[in-house]
Amino acid sequence: MKRSNVITSLFLSVSALVFMSCSDDDDIIIDPVVEVPDTYSFERNGTSTVSYDGQTTRILMANELKSSLLDNTKTETELLSMYAHQEGDSDFSDADLNASSKNLRSKTAASRDYFSANTTEALAIRNQVDAWISAQANDIFTNWNTNATVGVAGQIQEAGGGSIRYVNAKGLEYNQAIILTLLGGVMTDQMLNNYLSTSVLDEADNIENNNNEITVDGKSYTVMEHKWDEAFGYLYGTDNKDNPQFGQDQYLNKYLGRVENDPDFTGIADVVYDAFVLGRAAIVAEDYELRDQQAEIIREQISKISGIRAVYYLQQAKSSLANDKGAAFHDLSEAYGFINSLQFTRMPGSVSPYFSRTEVQAMLSTLMEGNGFWDVTEATLDALSVQIAARFSFTVEQAGS
Amino acid sequence: MIKRTFLALFTVVVLMFSCSSDDDASGGNDNQTDNFDRSAMLINWADNIIIPVYEDLNSKLEILAAEKEVFMAEPTPANLANLRTAWQDAYKVWQYAEMFNVGMAENINYIFQMNVYPTNIQDIQNNIESQDYDLSSVNNNDAVGFPALDYMLYGVGNTETEVVEFYTTSASADKRKIYLSDLTDRMQTLTQTVLEDWKNSYRDTFVSSTDNTATGSINLVVNDFIYYYEKGFRANKFGIPAGVFSQNPLPDRVEAYHKYDFSKALALEAMNAIQDFFTGRAYQSGSDGRSLADYLNSINGNEDLSASITSQYTAARTKINTLNESFAEQVKTNNVAMTETFDIIQLAVVLLKVDMLQALDISVDYVDADGD
């Protein structure tokens, strides 16, 4: 991707506020200069200060989990262990992942802003993922060669000798529900509602330490710089940070690329990248207002990915619903997962998602009513599309093609 | 890498003239921009809360030690019952002491020697058999204190008779009695040490350290208080057993697991201790003195904060009251009620750790280790 050459600098109005008063402790406030590099490269004393290993690790774990969910030689226990990996256990093909102390489950629905005082829902979401993983092994792998029909789990092939999809009794591919819930519950939630949040960025002495360039013991970065990088890592952790290619993972990086390729949304990738760069530069320059403005831009754009892709798949399913159940069920499964991910989005200027968990659950039960995908109607898909698009700044037509 | 420097594009010069002396638009709170009497608060904490708590705890532990002597001399079910009662009484008072990790308590790792759970049964058994142990060793933090006594008084048999047999019939009976005795005596000695230090010297140092620096008394105690609320209270009593930090609920991690039906009673004592400290309520007389609530009320713009915190405590207590007497049982039968309780408790963490600390201009001296 070609980097945008112009980084919007309108934010950089510098206000010199001179207070004159009878009290003697007023200072003349001068904003420091913000130096904005072309790419996400930041250094201190010649050493890079950018670090997000933990995010890369989790994305790689999630990638491997995704492929294993369609490997019917895996057991339920093996799949669950990939999700809730314990340090040293041989759950992955990659020794580095096995050695890691990190896992996906503990970071599912785990953001400071949304879940620190809502562990009840957090555990419900994690348990739901566990249940889907178990069902993949117990209901899908065991019916690998059964033909799926109404009320019967099994395989269903897309028309014209297309891909074989493995669905439950209502037509849902559990693997799509699982991975897109992780896209929302891990990547989106951690990025938007944890690492870009003032509750995390400004925690404890972070501001004071960042102002004084007090770095983490043995590291080149301040805590605040690192938190921002961790948000960055959930999108670019397996990509080239200076020249993103997209499609480098099965999660946000992949789907931001997809949205970018839709002419209605071209440019979104630069907007997101520029905001990450400028926000990080603002941290270096101790300009926290500018930083938070960038966080809001990222929140809006990343949230849109879930909204756009949900509408896109709902609309795509319409054309195949009558004559190509395999293709339709695949689209609907993606839609199902993206709708579920909406509860982790973040409306700018708020501490709320675009759609609450209750709203999301209502939409999902509408989709799964009766025999689920087997008898869902175009009217239902349109109604859901309209409901989603109306809350975002795009139309059903823009997202749907 | 090309770097571009953006200099001021727009310069807005705002001149503000003000002659009011109490201008505090930033909400910042430098040393004593408020008129709050910090010294009076520290004196209330020391003289009406902390020292009386240690005195009561010490006397309860003296009773425990005395009952232990009676039981050692005559291990009968009746004497066991008295010993158990003494343990319960002391454990309840402990709930008022655990939040204070300053002075001698901090120096000797007092809290780690009094209430680390789950206790390690293997370590306890090894200590008993070897008869070669240093109870002050860090390795024995999970083999001493109230949780170790929980095991020794309830966990070594299913019935009262079986527990008495543990101390009477086996070849190891004498060794077991000695360990029981050493545990009990050590808890009392440690508490006495902490109490005497407060009474003999630390009290005056403590109340005179009124400055708002990292080592000032208010700073230290407020940090301890919030840390206790977040870790000792919220996480240890609720979050860990409910599985908030693990893949599955862990019912055997509750406080006083072997007594089994005592965890709720202890949590309610702790809840009272937390609220009493926040509102400055004297431990013995119950009368109100200078407190964190008063301090917040004295700062412009924070009048609602102390009320919010107090009402959150009330909500937490109400919810705890609906739980099973045994948190282990609660976790096994309806863990959602347990996580809901955790969530209500957590809401006050934000009020305390973010809003209150900001208002008081106090820095947190610990950070959750939840990053990557």
Side-chain angles (χ1 to χ4, degrees), chain A residues 7 9-10 12-23 25-26 31 33-39 41 43 52-55 57-58 80 84 86 102-103 105-107 110 112 116-124 126 130 194-195 199-200 202-206 208 223 226-227 230 233 242, chain B residues 1-26 28 30 33 214 238-239 242-249 312 335-350 353-354 357-358 363-368 370-372:
Chain A
I7 290 183
S9 52
L10 294 176
L12 302 177
S13 66
V14 174
S15 309
L17 303 174
V18 178
F19 291 84
M20 301 187 65
S21 83
C22 300
S23 115
D25 59 359
D26 287 329
D31 284 357
V33 169
V34 182
E35 291 186 25
V36 189
D38 273 350
T39 69
S41 292
E43 297 182 345
Y52 45 79
D53 299 352
Q55 285 60 45
T57 298
R58 286 204 177 80
L80 286 170
Q86 302 275 314
K102 305 186 187 313
N103 71 41
R105 193 177 191 279
S106 68
K107 294 291 176 180
R112 185 78 55 89
S116 65
N118 197 2
T119 58
T120 307
E121 280 190 359
L123 293 186
R126 289 175 207 174
D130 287 342
N194 196 71
Y195 290 123
S199 60
V200 171
D202 295 346
E203 187 182 15
D205 294 333
N206 289 3
E208 200 183 329
V223 173
H226 186 52
K227 299 292 180 194
E230 296 188 278
D242 298 311
Chain B
M1 183 181 71
I2 305 161
K3 280 192 177 179
R4 281 164 300 169
T5 302
F6 290 83
L7 291 169
L9 298 179
F10 306 99
T11 300
V12 182
V13 178
V14 180
L15 298 173
M16 289 180 70
F17 296 86
S18 163
C19 284
S20 148
S21 61
D22 58 359
D23 225 21
D24 193 16
S26 68
D30 295 340
T33 51
F238 300 90
V244 169
F245 310 102
S246 56
Q247 187 161 2
N248 295 304
Q312 204 55 50
N335 191 42
V336 167
M338 196 72 167
T339 57
E340 283 171 353
T341 311
F342 177 91
D343 291 339
I344 292 171
I345 292 168
Q346 169 65 23
L347 290 174
V349 171
V350 179
K353 202 173 170 183
V354 180
L357 290 188
Q358 208 159 30
S363 297
V364 191
D365 61 14
Y366 68 97
V367 175
D368 301 343
D370 69 344
D372 302 271

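All chains are named by letter (A, B, ...) in the order of the sequence lines, taking the proteins before the strands, and each is independently numbered beginning at 1.
The side chain to side chain donor-acceptor pair (under 3.5 Å) check on A:Asp202 picks up A:Arg291, with sequence neighbours excluded.
Contacts between B:Val336 and chain A at a heavy-atom distance below 4.5 Å involve backbone atoms as well as side-chain atoms. At a 4.5 Å heavy-atom cutoff, B:Thr341 makes no contact with chain A through either its backbone or its side chain. Contacts between A:Ser116 and chain B at a heavy-atom distance below 4.5 Å involve backbone atoms as well as side-chain atoms. Residue B:Ala337: no heavy atom, backbone or side chain, is found under 4.5 Å from chain A.
Of the charged side-chain nitrogens involved, none lies within less than 4.0 Å of a carboxylate oxygen, so that A:Glu203 and A:Lys227 do not count as a salt-bridged pair.
Panel note: side chain B:Gln312, backbone B:Leu347; no donor-acceptor pair is recorded below 3.5 Å. In this structure a side-chain-to-backbone donor-acceptor pair under 3.5 Å is missing from A:Asn194 to A:Val200.
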